[in-house]
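Count residues from 1 along the sequence.
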Amino acid sequence: MTVLHHRADGAGGAHPLILGPSLGTTLSSWEPQTSALARGRQVIRYDLPGHGGSPAELLPVEATVGDIAGLVLALADHLGIARFAYAGTSLGGAIGTWLAVHHPDRVASLMLVSTSAHFGEPDRWHERARLVRTEGIAPVADTAADRWFTPAFVADPAAQALVAGLRATDATAYAASCEALASFDLRAELSRITAPTLVIAGREDRVTPVDHARLLADRIPGASLTEVAHAAHLVTVERPASVLAALRCHLDGFGETGDTTSPGDDGSRYAAGLAVRRTVLGDAHVDRAIATTTEFTSVFQDFITRYAWGEIWWCTFNNSTQPSRSRPRLAMEVGRRPRWLDTRPSASSVLRVATE
């Protein structure tokens, strides 16, 4: 049986996480997040039909998003994975939404990145499909960088590499995928999703504007929304640290084992620290800190989550033997710690961390 081309990273048998790409991109679009997400997880990335290493012939005639989602389920079955967390960008996100609506037993957790429940008027997708069928992929690739990225990022080597990858995409499969998006509309079914859901949007995304993300977050029960500043459509590439921080928060928040032994590695310390940080400071505060994470501050955020929250305060929070120091009391005391723990570090604050 031929399955979607894929790559697995991390520990086999660990909690599985499937990552789905955007139309016109390959599994490389998740490269910036993969190594960190693979700590303690099995991360599976796949290529859409006609993209990267996946044969175009996998896509049936008049394919729908549901048909492509069926290929993802077939891949999971092939790998022996019954239930998984899923994160997807754009078309990859639409696939995840379809899976969460129609196969809730398979989706343990859902992360929707730069995607929509309805990608606008069908005519524009049909028109793009016709263009690609008559003139090839080049006209779409020539304008892709402006659609995918902010003006400040279009010349970045990472952006140019993705555009080059688009030029290698099978035109027939790309056109068929456009038509699948034209018929996609799950707006009336979002309330059926039961998986814990995170929605991530680039604030400067013109392909799936923030309003699309807000609709998803409003209609999916219990969903949360992270808007990433200075990012357009392919936010996983343009703002990799911010996306990684949000994904890890979501995954760690809904993947706790209840183990109260001391965390033994960086991944475990981060998960434990994040849980304490959210309990003490509240989700809203932590989400704001994560949303403003930059490539410069991501190292600092990782450090304080692992060390300050995941080692020092985690041990106190979980292992205190003093009856008077209950968890609510500890939360109040830790909540008075300096605000610099959850803000962008200035040179003086970094120096203070090093000397205190």
Side-chain angles (χ1 to χ4, degrees), residues 3-12 14-54 68-69 71-72 75-76 79 81 84-97 99 107-115 144 148-149 153 156-166 168-169 177 197-202 205 207-208 226 228 231-252 255 267 290 293 295 298:
V3 297
L4 293 169
H5 175 255
H6 59 282
R7 175 175 173 177
D9 295 275
H15 295 297
L17 167 63
I18 297 178
L19 303 178
S22 172
L23 175 64
T25 70
T26 67
L27 53 75
S28 67
S29 62
W30 283 102
E31 190 69 35
Q33 291 80 27
T34 297
S35 60
L37 291 175
R39 294 177 186 172
R41 300 183 186 89
Q42 182 185 20
V43 176
I44 298 99
R45 294 175 285 163
Y46 67 86
D47 285 329
L48 296 163
H51 296 61
S54 288
I68 307 174
L71 295 174
V72 174
L75 172 61
L79 296 173
I81 297 171
F84 48 84
Y86 184 95
T89 303
S90 198
L91 174 53
I95 290 167
T97 306
L99 289 170
V107 181
S109 181
L110 182 64
M111 290 139 283
L112 304 175
V113 183
S114 300
T115 191
W148 286 350
F149 306 109
F153 196 77
D156 190 276
Q160 293 302 306
L162 285 176
V163 173
L166 171 58
T169 300
S177 298
T197 301
L198 167 69
V199 182
I200 299 176
D205 188 352
V207 179
T208 51
T226 297
V228 181
H233 191 55
L234 294 187
V235 64
T236 59
V237 176
E238 186 162 8
R239 303 290 288 175
S242 296
V243 172
L244 175 60
L247 294 175
R248 290 177 74 170
C249 276
H250 182 74
L251 288 165
D252 295 338
I290 290 168
T293 299
E295 190 169 356
S298 63

Enquirer: Restricting to side-chain hydrogen bond (donor to acceptor under 3.5 Å, both in side chains), what partner residues turn up for Gln42, sequence neighbours left out?
Expert: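 With neighbours one apart ignored, the set is empty.
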
Enquirer: Looking at every non-hydrogen atom in both residues, tell me the closest pair between Ile68 and Pro49 and how far apart they are.
Expert: CG2-CD, 4.3 Å

Enquirer: Distance check, rounded to the nearest 0.5 Å: Leu247 atom CG versus Leu198 atom CG?
Expert: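 The CG atom of Leu198 is 6.5 Å from CG of Leu247, to the nearest 0.5 Å.
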
Enquirer: What pair of heavy atoms forms the shortest contact from His250 to Leu110, and how long is it?
Expert: NE2-O, 3.5 Å

Enquirer: Excluding sequence neighbours, so at least two apart, what forms side chain to side chain contact (heavy atoms under 4.5 Å, CB included) with Ala85?
Expert: Leu17, Ser109, Met111, Leu251

Enquirer: Measuring only between side-chain heavy atoms, which start at C-beta, is Ile44 closer than 4.5 Å to Ile81?
Expert: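 Result yes, sub-4.5 Å side-chain heavy-atom pair found.
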
Enquirer: Dump the intermediate steps for side chain to side chain contact (heavy atoms under 4.5 Å, CB included) on Leu37 and Leu244, then the final yes or no.
Expert: CA-CA 8 Å; Leu37 291 175; Leu244 175 60; 3.9 Å; yes

Enquirer: So which atom in Leu112 and which in Gly93 form the shortest heavy-atom distance, rounded to 0.1 Å?
Expert: CD2-O, 3.4 Å

Enquirer: Between Glu238 and Phe153, which heavy-atom pair has the shortest distance, and what is it?
Expert: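 Reported closest heavy-atom pair: OE2-CB, 3.2 Å.
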
Enquirer: Got a second to check how far Leu19's CG is from Glu31's CD, nearest 0.5 Å?
Expert: 10.5 Å

Enquirer: Hey, which of Thr25, Asp205, Val237 is the one that makes side-chain contact (heavy atoms from CB on, under 4.5 Å) with Trp148?
Expert: Thr25

Enquirer: Any side-chain heavy atom of His6 sitting closer than 4.5 Å to one from Leu79?
Expert: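 Yes, at least one pair of side-chain atoms sits under 4.5 Å.
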
Enquirer: Tell me whether Ser114 contacts the main-chain N or O of His233 through its side chain, where contact means a donor paired with an acceptor under 3.5 Å.
Expert: yes

Enquirer: Just to verify, what does Asp47 make a salt bridge (charged side-chain N to carboxylate O under 4.0 Å, His left out) with, not counting sequence neighbours?
Expert: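 Partners of Asp47 by the salt bridge (charged side-chain N to carboxylate O under 4.0 Å, His left out) criterion come out as none, since no residue qualifies.
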
Enquirer: Using only atom types and a distance under 3.5 Å, with no angle test, would you say the side chain of Trp30 pairs donor to acceptor with the backbone of Gly20?
Expert: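 Indeed, once roles are kept as given, a pair shorter than 3.5 Å links the two residues.
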
Enquirer: Test of understanding: with ring pair (Phe, Tyr, Trp, His ring centres under 6.0 Å), list the residues that count as partners of Phe84, not counting sequence neighbours.
Expert: none

Enquirer: Considering residues at least two apart in sequence or located in another chain, which fulfil the side chain to side chain contact (heavy atoms under 4.5 Å, CB included) criterion with Ser28?
Expert: Thr26, Leu162

Enquirer: Of all heavy-atom pairs between Leu166 and Ala144, which one has the smallest distance, and what is that distance?
Expert: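 It is CD2-CB, 3.5 Å.
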
Enquirer: Applying side chain to side chain contact (heavy atoms under 4.5 Å, CB included) to Thr89 and Ser29, what does each step give before you reach the verdict?
Expert: CA-CA 9 Å; Thr89 303; Ser29 62; 5.6 Å; no

Enquirer: Shortest non-hydrogen contact from Arg248 to Arg39?
Expert: NH2-NH1, 4.0 Å

Enquirer: Suppose we screen for side-chain hydrogen bond (donor to acceptor under 3.5 Å, both in side chains). Which residues come up paired with His51, at least two apart in sequence or across chains?
Expert: none

Enquirer: Of all residues at least two apart in sequence or in a different chain, which pass the side chain to side chain contact (heavy atoms under 4.5 Å, CB included) check with Ser242?
Expert: Val228, Arg239, Thr293

Enquirer: Using the side-chain hydrogen bond (donor to acceptor under 3.5 Å, both in side chains) criterion, which residues pair with Thr226? Sequence neighbours excluded.
Expert: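 Applying side-chain hydrogen bond (donor to acceptor under 3.5 Å, both in side chains) to Thr226 gives none.
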
Enquirer: In chain order, what residues pass the ring pair (Phe, Tyr, Trp, His ring centres under 6.0 Å) check against Tyr86, with sequence neighbours excluded?
Expert: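 Ring pair (Phe, Tyr, Trp, His ring centres under 6.0 Å) list for Tyr86, sorted by chain: empty.
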
Enquirer: What pairs with Thr169 under side-chain hydrogen bond (donor to acceptor under 3.5 Å, both in side chains), at least two apart in sequence or on another chain?
Expert: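 Thr169 satisfies side-chain hydrogen bond (donor to acceptor under 3.5 Å, both in side chains) with no residue once adjacent residues are dropped.
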
Enquirer: Taking it one step at a time, do Leu48 and Ile95 satisfy side chain to side chain contact (heavy atoms under 4.5 Å, CB included)?
Expert: CA-CA 11 Å; Leu48 296 163; Ile95 290 167; 3.8 Å; yes

Enquirer: Under the side chain to side chain contact (heavy atoms under 4.5 Å, CB included) test, which residues partner Pro32, sequence neighbours left out?
Expert: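 If we apply the side chain to side chain contact (heavy atoms under 4.5 Å, CB included) test to Pro32, skipping adjacent residues, the hits are Pro240.
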
Enquirer: Under a 3.5 Å distance rule, please check whether Ser22 uses its side chain to pair with a backbone N or O of Ser90 as donor and acceptor.
Expert: no

